[in-house]
Amino acid sequence: KRCLVVGGLALGLSHLGVALFYGLSLRVQTSPSLAWGAVICIYLFTLSFASTWGPIAWVYQSEIFPLRVRAKGQALGTMSNWVWNAIIAKISPLLLANIGFYTYVIFGCMGIIMCLFVLFFVPETKGRSLEEMDEVFGYNSSSSSSSSADVYDAASSSSSLLLSSPSSSSAMTTTTHSNSKMMIMGDEYQPLVS
């Protein structure tokens, strides 16, 4: 969480720095060194993004969904990431052509909003196991027939079973469980060999 807060603040401030130096270099034509300030701020943005929001967003989205919907949640998170990347890539040249360096003010404000959003609305996940994520995010795992606890219980039991999906005859996974049936990801699996 701390990396996301610091990263959002650094992203916002570096964009605001680009806007400041770029805007000043346009107004004060006699000092080209102001444009170098914008270049340095772009490097700071790249460094900040590559060490905070870039990788942490991928890790965070893999932690926050309950086990039964984790794959679908990550797929939607990845799709959302790429859709918003495409939108930003499409509108940024239009913004730069129409409002100039104020584009960076918009991006800077968004970075500050990201920082505040994480600070006030994103729970801390550091030091928590995947099994604890359900309670961190308020998911009631007792109401579901398939939870991370079911899979954990299956992995910690004593007898080994080769399991097959009801929809196919091929073996899918080897695990341990004391019952003849078990629930994984909402599907019932029957033992082939016990």
Side-chain angles (χ1 to χ4, degrees), residues 1-139 148:
K1 181 173 177 173
R2 182 176 50 198
C3 282
L4 292 175
V5 170
V6 170
L9 188 62
L11 296 176
L13 293 177
S14 62
H15 270 119
L16 292 174
V18 170
L20 175 72
F21 289 116
Y22 181 38
L24 286 175
S25 71
L26 292 175
R27 293 193 192 327
V28 182
Q29 301 280 333
T30 59
S31 178
S33 61
L34 290 173
W36 281 105
V39 171
I40 290 169
C41 287
I42 289 172
Y43 281 123
L44 290 175
F45 166 81
T46 304
L47 178 67
S48 300
F49 181 78
S51 61
T52 59
W53 280 83
I56 293 174
W58 296 105
V59 173
Y60 197 75
Q61 79 172 6
S62 70
E63 292 179 340
I64 63 174
F65 294 105
L67 184 61
R68 66 183 181 84
V69 294
R70 184 163 293 146
K72 291 175 184 165
Q74 283 186 265
L76 288 173
T78 301
M79 182 189 71
S80 172
N81 186 357
W82 285 107
V83 165
W84 284 106
N85 283 339
I87 290 170
I88 290 170
K90 190 72 173 166
I91 65 168
S92 292
L94 299 172
L95 287 172
L96 284 168
N98 290 312
I99 62 173
F101 68 90
Y102 292 107
T103 303
Y104 296 105
V105 174
I106 293 171
F107 290 154
C109 291
M110 294 307 291
I112 303 297
I113 290 170
M114 289 166 28
C115 170
L116 295 174
F117 177 80
V118 170
L119 190 62
F120 293 112
F121 296 109
V122 174
E124 178 65 68
T125 60
K126 181 180 177 183
R128 303 279 186 120
S129 68
L130 285 177
E131 289 78 19
E132 294 174 309
M133 288 300 119
D134 290 348
E135 68 185 52
V136 168
F137 288 96
Y139 175 73
S148 58

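Heavy-atom basis, side chains included; hydrogens, waters and symmetry copies ignored.
How far CD1 of I42 is from OH of Y22: 9.5 Å, rounded to the nearest 0.5 Å.
Across every non-hydrogen atom of A19 and V105, the tightest pair is CB-CG2, 3.6 Å. Here the closest non-hydrogen pair linking L4 and V118 is CB-CG1, 3.7 Å. Residues M114 and L11 come closest through the heavy atom pair CE-CD1, 3.6 Å. Closest of all the heavy-atom pairs between G54 and W58 is O-CD1, 3.0 Å. Residues Q61 and T78 share a closest heavy-atom pair of NE2-OG1, 3.2 Å. Closest approach of F45 to H15, counting heavy atoms only: CE1-CE1, 3.2 Å.
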Does the pair V6 and T52 meet the rule for a side-chain contact (heavy atoms from CB on, under 4.5 Å), with working shown?
-> CA-CA 8 Å; V6 170; T52 59; 5.6 Å; no
Tell me, with the steps shown, if Y60 and V122 meet side-chain contact (heavy atoms from CB on, under 4.5 Å).
-> CA-CA 10 Å; Y60 197 75; V122 174; 2.8 Å; yes
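Checked by atom type and distance alone, the side chain of S48 pairs as donor or acceptor with a backbone atom of L44 at under 3.5 Å.
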For residues 91-102, please give each side-chain donor-acceptor pair under 3.5 Å, one per line with the distance, not counting sequence neighbours.
| residue | atom | partner | partner atom | Å |
| --- | --- | --- | --- | --- |
| S92 | OG | I88 | O | 2.7 |
| N98 | ND2 | L94 | O | 2.9 |

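Atom CE of M110 sits in a sparse spot, with 12 or fewer heavy atoms from other residues, nucleotides or ligands closer than 6.0 Å. Open room surrounds CH2 on W36; 12 or fewer heavy atoms of other groups in view lie less than 6.0 Å from it.
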